[in-house]
Q: 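Submitted below is the structure of interest, expressed as C-alpha cells.
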Amino acid sequence: MATLGIEDFELLLQANSVLSSKLDSAELLQAVMELATRVVKAEASSILLLDEKTNELFFNVALGKAGKQIKEIRLKVGEGLAGWVAENMKAAIVNDVQNDPRWSGKGDRKSDFKTRQVLAVPLITKGRLIGVVEGINKKDGSGFSELDRKALEAFSSQAAVAIENARLFEEVKGEKEKLSTVFAEMTDGALMIDAKGVIQLMNTAAGYFFGIQPQKAIGSVTIQDLIAPFMTVPPLEMIFEHYENTATIELKRREGKAFYLSGVINRLMNNKGEPLGYLFVVHDVTEMRKEELLKRNFLSLISHKLKTPLVTIAGYAPLLLEDSAPLSDFQKKALQTMKSQGMHLSNLVDKLLTFSLIESETLHLNLKPACIRDVIDETLALMKPYIEGHNVVFDKEEHLKNLPLVMIDHERICEVIRNIIENAIKFNDKPEKNIHIFGTRHKDWVRIGIEDNGPGIPPEEHPRIFHKFYQVEDSFTGQVEGAGLGLALTERIVEAHKGAIKVDSLLGRGSVFYFTLPVAPEEDSKS
Ligand code: ADP
C-alpha cells in the first residue's frame, strides 16, 4: 500500500508553519493554493469555498488574466466535480476529466486553461465542510495517484483549520472596527482609564470636552490631570474608594466660560474579578444647567423679596389686635384673618427659601470651632415653645461634654439638630416621646446620634427620606405638617461640612439619625 515519504512529511510540516503564520484570508488562500500545487506536484490548483447561505461553492482566489471571470463562477453543492466532492465529503481522483460525467468545465470555458486531470478533496474542519481544494493536471502528465490523494487530504485538513481561523479572526477584526467607529464617532465623550488612572482609550468628543487630542492623552495623561480644571461632584477619589460598580458624576469647569458635563463611570473588571480600570461616558449639559440656575436664582430672589413684606404684615396684625383701641367685631375678624393667613404665607415662603437653599450650587458656611453640646442646648432652648406643647423627655449623655470642638457653621448645625428633633417629635404618636442624644469621636470626626421611640422607618425608605419632597406614606407615620424638605436640607448642610448623615431604624422600633462633623484643627481645639 502506498504511503507518504519523508519528503511529503517535510513539505506538510513546512505547510503547517506557513499556514499558521497567516491570518489575512487573501494571503492565506494564496499560500494554500501554492502549497497544494507543490504537495501533489500539479500544474495548478484552486480553492472553492462554501457559501453556507446559498449552499454554493465559489472561487475566492483565482489568478491570472481569467481571474475575474473565474471568480464569478458559482457551483451548487452537487453540481460539477467540486460539487460532488462537497456533497459526498469525499475525495475524487479523475485522470480523464473530459470523459467524467461530473465534470462541468465551467472554469475552463471562462479561461483558456485546459483541465485534463483533477484531484479534489473536501476542506473539512470540526466535521463541517468549508470548501474544496483541487490539484489540476499532474506535472509529469502521469495522472494523480492514491498517494497524492493522501498527501492532499493531510494538507487540506491543516489548510481547513487555518482558513477557518482566518475567517474567525476577520470576523472579530470586523466587529472591533465597527466598535471602534462607534466609539470614535459617538457624540458623548468616552474614555477608559487603567487601574492606575492613566488614559488608555479616548474618543474625539472626550478630547474636545477636555481640550486635548486623544492621541496625546492616551498612555501618558492621568484622569486626575485631565479633570483638574473641573470641579467634580462627587469627588473622583470618593467614587474610586466607595462606589461599587457604577456612579454618576457632574463636572463643572472652575474658570472661564460656564461648561458643565454630566455622565456615568463604570468600574471595569476582568473575568477573575480583578480591577482593570474605569470607563467614563460624559455629555455636555451646559444649556440645561444654565437654565436650572436661572430658575433657582429666580425662585430664590422671589422668595427673599416676598419675605420682608410678609414679615411686616404678619408682625403688625397681632400688634393691632393687642392695641387698646376698641375694635368692631368685623375689624377683629379681619385682623385675625390677616394674622393667620400672613403666618400661613410666611410658612410657605420659608419652605420656598429652604428649597432654594437645597438647590443652591454653593452653600456658604461660616465655619468656627464650637462645642457641640452647647449647640445642642441652644437649639433645644430655641425649640422650647414647640417642645413644651408635646410630652417630650430628653436624655442627653454626659459624654457629650468631653467631645472635642467641631468646625461648624453654628446656625446651620442648629438647623440640622432642629430638623431631626422636630421629626422625632412630630411623627411620634407615643404619649411620652423619648429622645436620646449621644455622641462619640471617630478619628477626625465627631458623630452625633439622635434616637427616638417613634414609629420607625422601613429599611427600603432609608435612602429616600433624604430626597426633597419625599415623605413616607402616612400609614406609617400618621404624616402631619411638613413638605418633605427638612431632611434634604439637613443632608445638604452636613455634606457641605464634608460629613455624612444616615438613619438606623426599623418599623415599630424608633429611629436613630447619625451625622458626622469634622473635629476642629488642633490649635483651635486648644484655644
Ligand atoms: P417632613 O418632615 O417635612 O415631612 P423630612 O424631609 O424632614 O420632611 O422627612 C422626610 C420623611 O421621613 C418624613 O415625611 C417622614 O415620613 C420620615 N421621617 C423623618 N424622620 C422621622 C422619624 N424620626 N420617625 C419616623 N419617620 C420619620
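Everything numeric here is computed off the predicted structure, so don't read it as measured data.
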Q: Within the structure provided, determine whether His497 and Leu367 are in side-chain contact (heavy-atom separation under 4.5 Å).
A: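 Touching, per the 4.5 Å side-chain cut-off.
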Q: Using the side-chain contact (heavy atoms from CB on, under 4.5 Å) criterion, which residues pair with Met343? Sequence neighbours excluded.
A: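 Result, side-chain contact (heavy atoms from CB on, under 4.5 Å) vs Met343: none returned.
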Q: Output yes when Arg167 and Glu170 qualify as a salt bridge under the 4.0 Å nitrogen-oxygen rule, no when they do not.
A: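 Looking at Glu170 together with Arg167, the answer is no, because their closest N to O distance does not fall below 4.0 Å.
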Q: Using atom types as modelled and distance alone, determine if a side-chain donor or acceptor of His436 lies under 3.5 Å from a backbone N or O of Glu397.
A: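 Between the backbone of Glu397 and the side chain of His436 there is no qualifying donor-acceptor contact (under 3.5 Å).
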Q: When the aromatic ring centroids of Tyr386 and His390 are compared, is their separation below 6.0 Å?
A: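 Yes, close enough.
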Q: Could you go through the side chain to side chain contact (heavy atoms under 4.5 Å, CB included) check for Asp350 and Lys307 one step at a time?
A: CA-CA 8 Å; Asp350 279 344; Lys307 186 78 191 164; 2.6 Å; yes
Q: With the threshold set at 4.0 Å, does a side-chain nitrogen-carboxylate oxygen contact exist between Lys178 and Glu175?
A: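 Salt bridge between Lys178 and Glu175, a charged N being under 4.0 Å from a carboxylate O: yes.
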Q: I want to check something: taking the side chain as every heavy atom from C-beta on, are Leu191 and Phe210 in contact at a cut-off of under 4.5 Å?
A: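 Heavy-atom side-chain distance check passes, below 4.5 Å.
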Q: Does Phe298, at its CZ atom, have more than 12 non-hydrogen atoms belonging to other residues, nucleotides or ligands within less than 6.0 Å?
A: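 No.
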Q: Using the test salt bridge (Lys or Arg N to Asp or Glu O under 4.0 Å), find all partners of Glu255 that sit at least two apart in sequence or belong to another chain.
A: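 If we apply the salt bridge (Lys or Arg N to Asp or Glu O under 4.0 Å) test to Glu255, skipping adjacent residues, there are no hits.
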Q: Can you give me the closest heavy-atom contact between Val392 and Ile435, atom names plus distance?
A: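 In terms of heavy atoms, the two residues are closest at CG1-CD1, 3.9 Å.
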Q: Give, for atom CG of Leu320 and atom CD of Gln336, the distance between the pair rounded to the nearest 0.5 Å.
A: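 Reported value, rounded in 0.5 Å steps: 12.0 Å.
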Q: Regarding Arg289 and Glu250, does a basic nitrogen lie under 4.0 Å from an acidic carboxylate oxygen?
A: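 Yes, Arg289 and Glu250 are salt-bridged.
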Q: Should the heavy atoms of other residues, nucleotides or ligands under 6.0 Å from CZ of Arg128 be counted, would the total exceed 12?
A: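 More than 12 within 6.0 Å, yes.
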Q: Is any side-chain N of the basic residue among Asp329 and Lys333 closer than 4.0 Å to the acidic one's carboxylate O?
A: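 No, Asp329 and Lys333 are not salt-bridged.
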Q: Between the side chains of Asp452 and Lys430, is the shortest nitrogen-to-carboxylate-oxygen separation below 4.0 Å, so that they form an ion pair?
A: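 Between Asp452 and Lys430 there is no salt bridge, as every charged N stays at least 4.0 Å from the carboxylate O atoms.
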